[in-house]
Q: 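Sharing a structure here in structure tokens format.
Numbering starts at 1 and runs along the sequence shown. In listed order, ligands and their atoms are each counted from 1. None of these values were measured; they are calculated from a predicted model.
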Amino acid sequence: MIQTENLTKIYNGKTAVDGLDLTVGEGEIFGFLGPNGAGKSTTILMLTGMIEPTDGRCLVDGIEVAKDPLAVKKIIGYLPEDVGFYGNLTAEQNLDYFARFYGMDARGRKTRIAELLDLVHLDGVTQKAGEYSRGMKQRLGLAQALINDPKVLFLDEPTANLDPEGVREYRELVEHLAAEGKTIFVSSHILSEVREVCRTVGLLAKGKLVAQGTLGEVARTLASPDGDTVRIIVETGERLPDLEDPEIIDIERNGNRAVVRATTDIRDRLAATLFEQGMHVREMRVEEPDIEDVFMAVYRR
Ligand SMILES: Nc1ncnc2c1ncn2[C@@H]1O[C@H](COP(=O)(O)OP(=O)(O)OP(=O)(O)O)[C@@H](O)[C@H]1O
């Protein structure tokens, strides 16, 4: 549903987004993770047709954004990092103003706005938007992004200013929208946020895509960047002896526990070898990298 090919943005000689190749499938909740300044907002601005790429291209639902930004705008919704409204208008009036840009007739606007206010729990609220809490503003922003019933929704740091209750409500809404079949692209610098709602992630650092996939896949790629190291935890009844195996890189021992670093997952062979040597194997598993640790390592780069 979303695809970028060598997507690049250079601002005054400084590369903000560097040759991004990204794919997000239909109906996915995709988390676009990266530290501040990594280039997330710039990428979203190119995907939503707000700015043009310096090089490469991006497609949303098969439409090349830079070539036909208006066609793309019809099928997307966008919640910017700092959402702005007319403070002296109510939620309904703000949404009505916005809905007119989509050429909706008065009846269509009324029905859609009522649905959306109900969805984001702002129905019956009579205050003007200028008096809203941050959470209410964010919910109104989401309603605005949904006015045209978009296929694809771009949310830029949607929980940055929310309290825990606001975050919980936001998550429920995102799940609800995804269940309707919408593709959701969420940017965030907070791993725990993305972990809660996103099935797949892309990790951006200094404008470059460092890894993409499920969180587990991304963590594994980052934990062994060359992709050829498997850490096997082995606990035996006796101290693990030296083992002749061309795929073993090294063995770290700590009493009867050991970490065998190998080029592939050699657990079956290892178990057979230890069995032949009459050793008692109590535990043998591939160590899963700690996601927080590997992400922090990328953030500190
Ligand atoms: N309009 C602009 N003109 C010049 N440089 C810009 C512009 N917008 C962004 N940049 C620079 O591009 C880089 C990427 O910024 P961007 O806002 O896309 O990152 P981000 O990952 O969204 O970070 P944040 O979460 O802090 O917004 C930064 O170095 C930023 O200073």
Q: Output yes when Glu81 and Lys40 qualify as a salt bridge under the 4.0 Å nitrogen-oxygen rule, no when they do not.
A: no
Q: Please list, chain by chain and in numerical order, all residues satisfying ring pair (Phe, Tyr, Trp, His ring centres under 6.0 Å) with Phe98, sequence neighbours excluded.
A: Tyr102
Q: Test of understanding: with side chain to side chain donor-acceptor pair (under 3.5 Å), list the residues that count as partners of Asn148, not counting sequence neighbours.
A: none
Q: Strictly by salt bridge (charged side-chain N to carboxylate O under 4.0 Å, His left out), give each pair with a member in residues 42-61 just once, sequence neighbours left out.
A: Glu5-Arg57, Arg57-Glu64, Asp61-Lys151
Q: Can the ring centroids of Phe185 and Phe154 be said to lie less than 6.0 angstrom from one another?
A: yes
Q: Run the side chain to side chain contact (heavy atoms under 4.5 Å, CB included) check on Thr4 and Val17 step by step: do they pass?
A: CA-CA 11 Å; Thr4 74; Val17 175; over 6 Å; no
Q: Taking only heavy atoms of the protein into account, state which residues are under 4.0 angstrom from an atom of ligand 1, in chain and number order.
A: Tyr11, Lys14, Ala16, Pro35, Asn36, Gly37, Ala38, Gly39, Lys40, Ser41, Thr42, Glu81, Glu157
